[in-house]
Amino acid sequence: MIVLMGLPGSGKGTQGKMLADELDMHLVSTGHLVRLYVTGERRQRMLAGELLDDQEMIDMLEKLLATIDDNKEIILDGFPRTVMQAEWLMEQVKKGRFQLSHVIHLKASEDVVRERLGLRGRLDDKQEVIEERFREYQRLTAPVVDWFKTHGAPLVEVDAERTTTEINDDLHRLLKI
Ligand code: AMP
């Protein structure tokens, strides 16, 4: 399993899709799952830029993982986003359910990704929602990077302020090792 982390707009979706196509891997995006399955009040919360409940996300992910029945590598985009989710993931790794080969932190500043998100045009890419998603990231997700560092996860940082191709080349180099 390869975990992609980073601010909204850091390129997790783009890079994840490229890698999955190029290396024949599964791409599991919890953002896609939320947009597919979640309606009502929880969808409104998502559209306001808030993270959804940890256990609900884990249940959604569990259901999806149960449908993957070959041994191909899985790229995880958008999970874990909280320390609780990271603890759950590492628990699964300890149980031998997955092998975690890389946690890739796509590192970019808020200024750089703000510009990218403005061009994307999703409903939760509106200026005020972007700011809320950044706040959620700093409050809940940034600590996950440090948590991984102190828990022996194979974390690498990649400069995600470069072009799509440059980042993609770097990821291929990384994954070959
Ligand atoms: P994304 O497409 O990854 O930016 O995710 C879109 C939205 O889905 C996020 O802003 C959250 O509201 C929700 N979401 C996706 N993944 C998670 C997660 N692992 N934990 C909590 N909420 C999530």
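Counting convention: from 1, in listed order, for ligands and their atoms alike.
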For [atom], what's the nearest protein heavy atom and its distance?
atom	answer
atom 16 (N) of ligand 1	T30 OG1, 2.8 Å
atom 10 (O) of ligand 1	R133 NE, 3.9 Å
atom 6 (C) of ligand 1	R35 NH1, 3.6 Å
atom 14 (N) of ligand 1	V34 CG2, 4.0 Å

Practice item. State if H32 counts as touching ligand 1 under the rule of any non-hydrogen atom under 4.0 Å. Key: no
Review point. Under 4.0 angstrom from ligand 1, any heavy atom of R45?
Key: no
Exercise for review: Give the numbers and elements of all ligand 1 atoms closer than 4.0 Å to a heavy atom of R122.
Suggested key: 1 (P), 2 (O), 4 (O), 6 (C)
Review point. Which of the numbered atoms in ligand 1 are below 4.0 angstrom from a heavy atom of Q85?
Key: 18 (C), 19 (N), 20 (N), 21 (C)
Short N-O contact, [X] and [Y], less than 4.0 angstrom:
X	Y	value
K17	D21	yes
R133	E136	no
E131	R114	yes

Exercise for review: Out of S29, G31, G6, indicate the one that has the non-hydrogen atom closest to atom 5 (O) of ligand 1.
Suggested key: G31
Review point. Which is closest to atom 3 (O) of ligand 1 by heavy-atom distance: E50, M60, R81, K12?
Key: R81
Quick one: does any side-chain atom of [X] pair with a main-chain N or O of [Y] as donor and acceptor, under 3.5 Å?
X	Y	result
R45	E50	no
R43	R35	yes
T82	L140	no
R120	D125	no

Check your understanding: Polar-atom distance check: L52 versus ligand 1, any N or O pair below 3.5 Å?
Key -> yes
Exercise for review: Output yes when the distance from some N or O of ligand 1 to some N or O of G78 is under 3.5 Å, and no in every other case.
Suggested key: yes
**Study point:** Per-residue contact class, R42 against ligand 1 - non-hydrogen pairs under 4.0 Å
**Key:** neither
Check your understanding: Side chain or backbone of M46 under 4.0 Å from ligand 1, or both, or neither, by non-hydrogen atoms?
Key -> both
Practice item. May I ask you to test the W88-L61 pair for a side-chain heavy-atom distance under 4.5 Å? Key: yes
Exercise for review: Taking the side chain as every heavy atom from C-beta outward, state whether M84 and I58 have any pair of such atoms under 4.5 Å apart.
Suggested key: yes
